[in-house]
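So the structure is just underneath, and the comments pick up after that.
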Amino acid sequence: MLAVLGFATLGSFMLLVMRKYLSAFTAIMLTPIVAALIAGKGTQLGDMIMNGLDTVAPTAALLLFAVLYFGLMMEVKLFEPIVQAIVRASKGDPLRIVIGTAVLSLCVALDGDGTTSYMIVCSAFLPIYRRLGMNPLVLATLAAMSLGTISGTTPWGGAATRGISVLHLNASEYFVHMIGPMALTSLAIIAVAYWLGLRERRRIDGEKLAAYKLEIASGEAFEPVRADWRMWFNAALTVLLMVLLILEVADLLVLFMVAFVIALLVNIRAIGDQQELIKRQAANAVPVMILVLAAGVFTGIMTDSGMIKEMADAALSIVPDGWGNVIPLFTALLSLPLGFFMSNDGYWFGVVPVLAESAAHYGIDANEIARAGAIGQILHMMGPTSAPLWVLIGLVKTELGDFQKHALRWGVLVSLGYIAFALLTGAISVT
């Protein structure tokens, strides 16, 4: 009963959002509440919602200060020299710009933090997309796939770290076998970028594109940026922030709070101007925060009501007893829908250990289950429980349904390729 109700809840949410019957904020809260009432768990709703909010509250606060920090950096044009260098190198060609988006997304995803990666990519490329009239959903799609592939696979990324810890694995033993599939999947993302870039090149008006190329060649496409001491300070502060994030010197929330206060004091001295900047950036930060909190409601109800566990058990039960050798492949395939809808905590701490225990009965190493589970991170980055996704959507100013309509087809395609590469290189097996 709970499994059927859970799958119906997920399907209803997707339908309501993608058909735009409800906004993502209302749908992500209403669908699990209705499901809990149908399941007779109405008296527990308050506790389930609060448990969900407890899990996402630190993330919501982190996103608030991350958006404020990078919003300030964009206002003071810290990234403008990078943007200009990229445009000159691309010579205004949409194909080169889209491929550059994919390459930069894959590189910055190595730091493991989704919010930071999206901020950097959007800061560098979003102004270019807007200037040329390119579809910002192309940028969002490539950034999400890159983050899911790189950050979702590396042992220092949040997803794989959960798997390594809960299954008590050796990080090196887990990761060495994933380098090949990860590299091949990165090439697949660049191939998708090439295809999307060709489509953008054909879509954009030729005369407009030719005129812009002339502006780039003549130097008239850019306003001169003066590199004063503040710009150098902002650059040093941002680099230091990235280093501290990677070294995990302190909690991410603490680092972003302190960095924002320092940057605010250095760049804007008047109290009135500081308040005005916060008000401007709140237009980007507040929608992200409330969506993350709403996703916490969704996760709390779906997990505490038992729907998630029953869904995982129901999915696992369809594997015939004699097919135990295909559990790694089944795990990889199951990770796509479950990763899309579930929080990483719920998935890695609730579902993956069950799959690993089942696989152990057939002599299958837990490393294979962890690797298979990580493949679903590409679709997780496109799902409603991915907190950084709401930042990305806010930056490109789109709706969740519009993003998913554009991104899911490519995410599924690349994810299936990732599974094929993992089988080909022996990261997971069916022997």
Side-chain angles (χ1 to χ4, degrees), residues 53-83 108-124 126-127 143 147 151 156-158 225-296 386-397:
L53 291 176
D54 285 343
T55 62
V56 300
T59 302
L62 164 64
L63 296 179
L64 169 64
F65 284 97
V67 171
L68 289 174
Y69 179 82
F70 282 103
L72 172 58
M73 291 298 105
M74 283 186 261
E75 285 205 12
V76 298
K77 298 185 176 181
L78 172 63
F79 303 104
E80 187 63 23
I82 299 174
V83 172
V108 299
L110 283 167
D111 82 340
D113 180 62
T115 302
T116 305
S117 299
Y118 289 153
M119 287 288 188
I120 293 173
V121 173
C122 288
S123 298
L126 197 54
L147 186 67
S151 178
W156 55 89
V225 179
R226 187 168 61 90
D228 57 9
W229 70 269
R230 281 192 178 88
M231 178 169 284
W232 289 111
F233 178 87
N234 291 331
L237 179 62
T238 302
V239 171
L240 177 62
L241 176 60
M242 296 300 102
V243 171
L244 295 178
L245 286 173
I246 295 171
L247 296 178
E248 299 181 351
V249 172
D251 187 85
L252 297 180
L253 172 58
V254 174
L255 293 175
F256 271 109
M257 287 181 69
V258 173
F260 174 67
V261 170
I262 294 173
L264 191 63
L265 290 173
V266 169
N267 290 279
I268 304 176
R269 302 302 300 273
I271 295 177
D273 293 339
Q274 292 177 358
Q275 293 174 338
E276 286 300 316
L277 177 129
I278 292 174
K279 289 179 181 178
R280 287 195 303 273
Q281 294 303 322
N284 296 323
V286 171
V288 171
M289 282 191 65
I290 64 173
L291 284 168
V292 170
L293 293 173
S386 172
L389 173 63
W390 301 109
V391 175
L392 182 61
I393 287 175
L395 289 169
V396 300
K397 300 189 186 313

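Values below: every heavy atom of this structure, side chains too, minus hydrogens, waters and symmetry copies.
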Item to check | Test log, rule side-chain contact (heavy atoms from CB on, under 4.5 Å), inputs Y69 and T238 | outcome: CA-CA 9 Å; Y69 179 82; T238 302; 2.8 Å; yes

Value rounded to 0.5 Å, distance of [atom1] in [X] from [atom2] in [Y]:
{"X": "M73", "Y": "L68", "atom1": "CE", "atom2": "CG", "result": "11.0 Å"}
{"X": "L72", "Y": "N234", "atom1": "CG", "atom2": "CG", "result": "7.0 Å"}
{"X": "L147", "Y": "Y118", "atom1": "CG", "atom2": "OH", "result": "4.5 Å"}
{"X": "L277", "Y": "K279", "atom1": "CG", "atom2": "NZ", "result": "11.5 Å"}
{"X": "F260", "Y": "L255", "atom1": "CZ", "atom2": "CG", "result": "15.5 Å"}

Checklist entry - Can you name the one residue among L265, V258, L264 that meets side chain to side chain contact (heavy atoms under 4.5 Å, CB included) with I262? => result V258

Checklist outcome for this item: Taking every heavy atom of S117 against every heavy atom of V108, the minimum-distance pair comes out as OG-O, 3.2 Å

Checklist outcome for this item: Heavy atoms of S151 and A109 approach each other most closely as CB-O, 3.7 Å

Next on the checklist: Whether the side chain of D228 engages the backbone of M231 through a donor-acceptor N/O pair (distance < 3.5 Å, no angle test) should be reported.
Outcome noted: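 Here the side-chain-to-backbone pair exists.
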
Next on the checklist: Has Q274 got a side-chain atom pairing as donor or acceptor with I268's backbone, closer than 3.5 angstrom?
Outcome noted: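 Yes: the side chain of Q274 pairs with the backbone of I268.
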
Item to check | L64/F256 under side-chain contact (heavy atoms from CB on, under 4.5 Å): CA gap, chis, key distance, verdict | outcome: CA-CA 9 Å; L64 169 64; F256 271 109; over 6 Å; no

